[in-house]
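Working notes for the structure below.
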Amino acid sequence: MQRRPSVTVAPSRWTAESPELAAAMRAEERLTGARSAGGFRALTVRLSRYGLAREELARRFDARPVNVAARFLDHLHALVDAHPKPTWETVVGADIAPSGSRGAIKLGEYVERAWQLAAPELRAELSAEAGPVLLHDAAVLARYRAMERLYELADAARGGAGGVWLLCPMEDPTLLPKLDGAVVRVGDNEWIALPDAWVVKAHRSAVAAS
């Protein structure tokens, strides 16, 4: 009787040896689906793994990193430098000024103008043909009153303009996504937790060893 060739089954999240490996495989599945489907996703990752996760998302999922803080601060700096007063040092000092004070009000005006310039640039990054935009260093959205601008980007992504992935560094990536302490509003299936095992590619090592 001829023996049938054996079939090697690659590990799946159902057959993984540990909950950590299963979670990593689940994250991989969801990222792959999100890459194809487009829309908005908030990705939570442990703070110490933040840089590695950003590199992996860009390398393997064609995510296009956009440093939100750099975009915003470039515009803010340019607006301040265009006038002799206030100086940049004065603006920085106003960041801790009491709410309602003259310094805080002036800073708020500059912040709003900076977002008016930065937001269209972020929107222009979206592309239905290219990979998702990967927003990182994005805590400034919460720190400087621009969460609604994030949600406008998310709505554009949901409408087919192109994928938007928001990378949220967390002490515990299993908790709801936050930026600077503010919870990010997400819809069904729009939050993907990236466990440590995914960041260090343990799930891929398991498949390669099978």
Side-chain angles (χ1 to χ4, degrees), residues 31 34-35 37-45 50-51 53-54 57-58 61-83 86-88 90-97 99-100 102-170 176-192:
L31 288 168
R35 173 65 179 86
F40 174 70
R41 299 293 186 278
L43 315 178
T44 52
V45 65
Y50 187 64
R54 185 176 66 236
L57 291 165
F61 293 92
D62 299 321
R64 295 174 291 125
V66 172
N67 187 320
V68 180
R71 292 287 181 95
F72 167 69
L73 290 173
D74 282 349
H75 285 297
L76 184 62
H77 221 310
L79 288 167
V80 174
D81 290 349
H83 303 88
T87 65
W88 180 250
T90 300
V91 169
V92 171
D95 195 33
I96 57 173
S99 178
R102 187 169 182 272
I105 292 171
K106 194 64 178 178
L107 174 61
E109 293 172 356
Y110 275 107
V111 163
E112 178 58 25
R113 288 164 60 193
W115 281 124
Q116 288 174 358
L117 296 170
E121 290 183 355
L122 295 176
R123 175 65 177 79
E125 294 282 355
L126 274 64
S127 170
E129 289 74 37
V133 171
L134 179 63
L135 302 178
H136 64 93
D137 289 274
V140 290
L141 290 164
R143 178 71 182 84
Y144 295 104
R145 305 180 293 280
M147 292 298 280
E148 287 305 318
R149 298 187 183 276
L150 169 64
Y151 298 141
E152 289 170 4
L153 278 178
D155 284 341
R158 295 176 186 120
V164 172
W165 290 4
L166 174 69
L167 194 57
C168 303
M170 308 277 292
L176 283 171
K178 292 182 179 181
L179 291 176
D180 197 42
V183 174
V184 177
R185 203 163 62 221
V186 291
D188 293 341
N189 202 39
E190 287 188 341
W191 167 30
I192 302 175

So, the side chain of Trp115 versus the backbone of Leu141: is there a donor-acceptor pair under 3.5 Å, distance only?
-> no
Specify whether His136 and Tyr50 have parallel, tilted or perpendicular ring planes, treating 30° as the upper limit for parallel and 60° as the lower limit for perpendicular.
-> perpendicular
Pairwise side-chain contact, Val66 with Arg71, heavy-atom cut-off 4.5 Å (strictly under) = yes
Flag side-chain contact, heavy atom, 4.5 Å: Leu179 against Cys168 | yes
Candidate pair Arg158 and Glu190, rule salt bridge (charged side-chain N to carboxylate O under 4.0 Å, His left out), full reasoning = CA-CA 10 Å; Arg158 295 176 186 120; Glu190 287 188 341; 2.7 Å; yes
Can you name the residues that form a salt bridge (charged side-chain N to carboxylate O under 4.0 Å, His left out) with Arg143, not counting sequence neighbours?
-> Asp95
Contacts of Glu109 meeting salt bridge (charged side-chain N to carboxylate O under 4.0 Å, His left out) (sequence neighbours excluded), chain-then-number -> Lys106
Taken to the nearest 0.5 Å, the spacing of Phe61 CZ from Leu31 CG works out to 4.5 Å
Are Thr87 and Asp81 close enough that some pair of their side-chain heavy atoms sits under 4.5 Å apart?
-> no
Under the side-chain contact (heavy atoms from CB on, under 4.5 Å) rule, what do Arg54 and Leu134 come out as? Steps first, then yes or no, please.
-> CA-CA 8 Å; Arg54 185 176 66 236; Leu134 179 63; 3.8 Å; yes
Verdict with reasoning, Asp137 to Phe72, per side-chain contact (heavy atoms from CB on, under 4.5 Å) | CA-CA 11 Å; Asp137 289 274; Phe72 167 69; over 6 Å; no
Separation between CG (Leu117) and CD (Glu112), nearest 0.5 Å, reads 10.0 Å
Measure the shortest side-chain to side-chain distance between Leu153 and Leu135 over non-hydrogen atoms and say whether it is less than 4.5 angstrom.
-> yes
How far does CG of Asp180 sit from CE of Met147, to the nearest 0.5 angstrom?
-> 9.5 Å
Does Pro120 offer a backbone N or O that forms a donor-acceptor pair with the side chain of Arg149 under 3.5 Å?
-> no
His77 side chain reached by Trp88 side chain, heavy atoms, under 4.5 Å = yes
So CZ of Phe40 and OH of Tyr151: to nearest 0.5 Å the spacing works out to 7.5 Å
Heavy-atom distance under 4.5 Å between the side chains of Pro132 and Arg35, does that happen here?
-> yes
Taking all heavy atoms of Ala157 and all of Leu126, pick out the closest pair and write down the distance.
-> N-CD2, 4.1 Å
Between Tyr110 and His83, how do the two ring planes meet: parallel, tilted or perpendicular, split at 30° and 60°?
-> perpendicular
Which heavy-atom pair separates Val186 from Pro177 by the least distance, and what is that distance?
-> CG1-CG, 4.3 Å
Which pair of non-hydrogen atoms, one from Val140 and one from Ala69, has the smallest distance, and what is that distance?
-> CG2-CA, 3.8 Å
Closest non-hydrogen atoms of Ala104 and Ala97, given as atom of the first, atom of the second and distance, are N-CB, 4.1 Å
Polar contact flag, side-chain donor to acceptor under 3.5 angstrom, Gln116-His75 | no
Measure across Asn189 and Arg41 and return the closest heavy-atom pair with its distance rounded to 0.1 Å.
-> O-NE, 3.4 Å
Return the minimal non-hydrogen interatomic distance between Ala58 and Pro65, and the atom names on each side.
-> CB-CG, 4.0 Å
Using a 4.5 Å cut-off on heavy atoms from C-beta on, say whether the side chain of Arg185 contacts that of Glu148.
-> yes
State the CG-CG distance between Asp74 and Leu79, to the nearest 0.5 angstrom.
-> 11.0 Å
Could you check if a side-chain atom of Val68 sits within less than 4.5 angstrom of a side-chain atom of Leu150, using non-hydrogen atoms only?
-> no
Nearest 0.5 Å please: distance from the CD atom of Glu152 over to the CG atom of Leu122.
-> 11.0 Å
